[in-house]
Participant: 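Here you go, one structure.
Hydrogens, waters and symmetry mates play no part in the numbers below; they use all other heavy atoms, side chains included. Chain A is the first sequence line, chain B the second, and so forth, proteins listed ahead of strands; every chain is numbered from 1.
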Amino acid sequence: MGLFRIFNREEKRSKNIAKERLKLVLIHDRAHMSPKFLQMVEGDIIRVIKQYAEIDEEELDIKLTRMKRESDNMPMSALVANIPIVKIRDFER
Amino acid sequence: MVKEGLISFRGIKEGIYIHVRDGDFGRIKIELIEKLKKSIDFFRGANILGIRGGNLSTDQKQELFQIIEEEYELSVSRQGLPSYSQSGKYNGEPTRNMTKFIHNTIRSGQVIEHNGSIVIIGDVNPGALIRAMGNIVILGSLKGVAHAGIGGNEKAIIAAHDLQPTQLRIGNIIGRRPDGEIITSKLPEVAKVDNGEVLIEPYIQKNNR
Amino acid sequence: MGIAIVVTSGKGGVGKTTTAANIGTGLAILGNRVVVVDTDIGLRNLDVVMGLENRIVYDIVDIVEGACRLRQGLIRDKRYEGLFLLPAAQTKDKTALNPEQMFKLINQLKEEFDYVVVDSPAGIEQGFQNSIAGADEAYIVTTPEISAVRDADRVIGLLESKGLDNPKLIVNRIRQDMVERGDMMNVDDIVDILAVDLIGVIPDDEAVVISTNKGEPVITEEEPLSAKAFKNICNRIVGEDVELLDLQYDEGKFSKLIKLLFSR
């Protein structure tokens with residue numbers, strides 16, 4: 001029992017459970033900050049990118065998150081987009 | 001406050017009555033005549049109900065009635081003053097209105113307002129506000145704010161079985177609970193205005209044997 | 001022209017009012033002219049925390065509606081010269097004010113005071129919107145609990161959307177013994193998650209409860225650790241670099257030093 005506790009000390013502590021749960025909840029909260037806004041952004045991004053590349057619209061994922069700017073550590077909201085590109089369009093017409 | 005004369009005419013819904021303050025009967029008579037002379041037109045046709053106050057004897061009252069009826073030809077109603085305006089040590093305007101009785105605890109954020117007197121059978125919690133044109137009597141404890149005599153009547157009183165208000169207001173005068181420890185008399189208390197200040201005194205039964 | 005600081009949290013019961021009272025008092029102790037404004041209409045409490053409840057005649061709604069002058073509505077603190085309270089109305093509701101009126105009022109106050117500390121109600125509805133109108137800076141109070149941190153995150157997002165960028169964080173009710181056992185999120189964990197600047201850490205302290213009972217903000221005392229923590233926040237607000245408090249526990253046993261330097 002004692003040995004077991006030592007091994008699992010870090011992971012099993014309630015603060016880590018709290019932290020993990022909180023992170024999950026916040027990802028959800030932030031992404032849902034304004035679904036309509038995100039939808040609009042998503043639509044526009046798709047429209048623009050489609051001019052240059054063929055993308056997998058089904059797999060496209062856009063979410064709002066908060067991170068610190070690298071240059072000066074200022075916290076700010078960031079729009080993270082994951083856009084799978086199937087094929088770049090050929091412009092050498 | 002404007003210094004009042006000895007005589008004032010007061011209106012209640014049944015008619016007009018003459019309010020007399022304690023004073024020399026000779027001066028009362030002179031003032032009455034003056035007032036009647038000045039505004040005889042106003043009083044003509046009014047229903048004069050009677051005379052109140054002034055510690056007047058029946059004979060003296062009769063003498064005043066005579067002046068009113070014979071010299072100024074005004075009629076004094078034989079029905080007299082209605083009972084609710086006759087008695088009461090804590091007199092003044094508000095007694096004209098009915099008293100509101102509330103059988104409940106008044107909690108924070110609640111306001112009880114009435115243009116007469118208010119009697120609360122229950123407690124008044126901190127954060128609650130009681131506003132009355134007349135007197136306020138609370139059978140439980142008063143811990144909130146009570147404002148009696150709204151409109152400037154400084155003769156109004158606030159009485160409670162357990163008087164520990166956040167603040168008291170009578171007429172335009174504000175009294176607040178002192179900071180720090182409070183010594184209470186453990187008796188019911190009555191607050192009234194004395195010399196421009198809110199004064200709290202314990203209510204002691206007068207006919208203690 | 002003074003600075004308006006709104007103290008907010010989203011979640012109720014995390015210590016917004018206590019924090020507002022202590023920061024306001026602390027800034028006044030440092031010699032500033034301060035007004036603390038209670039915007040929790042219908043559930044006012046800043047007055048009792050500061051021990052001024054028996055002095056209230058007019059309130060914020062009276063001032064906004066013009067029932068009295070600004071000066072008449074301000075209540076002078078019983079201990080400190082430059083400290084004033086603008087109480088909320090207890091008998092009305094949040095709709096008695098709107099953000100435009102608040103914006104005007106806060107700006108009026110900023111002309112007369114060095115600091116206007118606004119205590120916000122719990123929630124994110126109209127009362128919250130009122131409280132942030134006119135604010136130059138926002139301080140978020142949270143506790144090391146999931147629910148409080150989650151709500152703080154939501155509020156930070158709302159503040160940023162209203163142009164109140166870079167809100168600062170106050171972590172309240174830290175229990176160092178639990179942090180060391182690993183049963184409470186520590187300040188670093190919370191700062192990591194919320195990604196905002198920290199302006200202070202307040203330990204969970206009995207002295208806060210005792211001082212609130214007496215209607216005297218804990219910062220008026222010398223000894224309690226929480227008083228020192230609030231004093232540090234005030235010093236940081238006026239622009240000093242102060243190291244985060246060493247949260248000791250267990251009768252003099254020192255805990256691991258939290259070496260987080262705050263810079264303004």
Side-chain angles (χ1 to χ4, degrees), chain A residues 1-45 48 60-83, chain C residues 10-11 124 137-140 142-169 171 173-199 255-256 260-264:
Chain A
M1 184 63 194
L3 237 152
F4 181 78
R5 278 198 63 170
I6 292 165
F7 276 120
N8 290 283
R9 199 173 186 162
E10 276 310 299
E11 301 82 59
K12 291 283 175 187
R13 275 311 186 182
S14 67
K15 86 140 190 186
N16 291 320
I17 300 170
K19 236 173 117 175
E20 286 320 305
R21 289 178 59 215
L22 186 58
K23 278 181 181 166
L24 273 170
V25 166
L26 289 187
I27 287 167
H28 200 262
D29 282 356
R30 287 170 188 169
H32 286 78
M33 212 181 243
S34 170
K36 204 180 159 200
F37 166 78
L38 283 174
Q39 234 171 34
M40 280 159 56
V41 173
E42 201 175 289
D44 283 355
I45 289 178
V48 172
L60 182 129
D61 177 34
I62 291 179
K63 67 185 173 199
L64 207 55
T65 181
R66 197 169 22 253
M67 45 178 66
K68 289 207 174 186
R69 191 159 59 196
E70 273 181 18
S71 57
D72 56 0
N73 246 7
M74 278 277 284
M76 51 195 345
S77 293
L79 199 62
V80 177
N82 194 351
I83 309 166
Chain C
K11 189 175 178 299
I124 51 174
E137 286 182 37
Y139 292 175
I140 315 291
T142 191
T143 59
E145 288 159 72
I146 299 190
S147 50
V149 177
R150 181 192 192 181
D151 288 1
D153 186 78
R154 178 86 171 98
V155 165
I156 292 166
L158 289 171
L159 289 169
E160 283 173 348
S161 74
K162 293 273 173 185
L164 271 167
D165 295 326
N166 217 356
K168 298 196 171 67
L169 186 69
V171 182
R173 295 211 198 105
I174 281 273
R175 283 186 54 183
Q176 196 58 24
D177 54 338
M178 286 187 74
V179 169
E180 291 195 6
R181 280 208 314 266
D183 278 331
M184 182 178 269
M185 282 189 284
N186 65 31
V187 176
D188 288 347
D189 295 333
I190 298 167
V191 172
D192 267 357
I193 287 167
L194 294 178
V196 288
D197 288 338
L198 185 69
I199 196 169
S255 67
K256 200 175 68 188
L260 259 173
L261 248 161
F262 175 83
S263 63
R264 203 164 191 260

Participant: Okay, side chain of C/Arg150, backbone of A/Leu22: is any donor-acceptor separation there less than 3.5 Å?
Facilitator: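 Not confirmed, C/Arg150 side chain does not pair with A/Leu22 backbone.
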Participant: Among the options C/Asn186, C/Ile190, C/Asp189, pick out the one with the most heavy-atom pairs lying under 4.5 Å from chain A.
Facilitator: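 Among the listed options, the one with the most contacts to chain A is C/Asp189.
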Participant: Heavy-atom cut-off 4.5 Å, strictly under: side chain, backbone, both or neither for C/Met185 against chain A?
Facilitator: both
Participant: Using non-hydrogen atoms only, which part of A/Lys23 is less than 4.5 Å away from chain C: side chain, backbone, both, or neither?
Facilitator: side chain
Participant: Show the nearest heavy-atom pair for residues A/Ser14 and C/Asp183, with the distance to one decimal.
Facilitator: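 Nearest heavy atoms, A/Ser14 then C/Asp183: OG-OD1, 2.7 Å.
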Participant: NZ of A/Lys19 to CD1 of C/Ile193: how many Å apart, nearest 0.5 Å?
Facilitator: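 It comes to 6.0 Å.
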Participant: Using the test side-chain contact (heavy atoms from CB on, under 4.5 Å), find all partners of C/Ser161 that sit at least two apart in sequence or belong to another chain.
Facilitator: none
Participant: First locate atom CZ of C/Arg181, then atom CZ of A/Arg13, and finally report the distance between them rounded to the nearest 0.5 Å.
Facilitator: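 C/Arg181 atom CZ to A/Arg13 atom CZ measures 7.0 Å (nearest 0.5 Å).
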Participant: With sequence neighbours excluded, tell me which residues meet side-chain contact (heavy atoms from CB on, under 4.5 Å) with C/Arg173.
Facilitator: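 By the side-chain contact (heavy atoms from CB on, under 4.5 Å) rule, C/Arg173 matches C/Thr143, C/Asp204.
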Participant: Given the options C/Val179, C/Ile146, C/Val149, C/Asp192, which has more heavy-atom pairs under 4.5 Å with chain A than any of the others?
Facilitator: C/Ile146
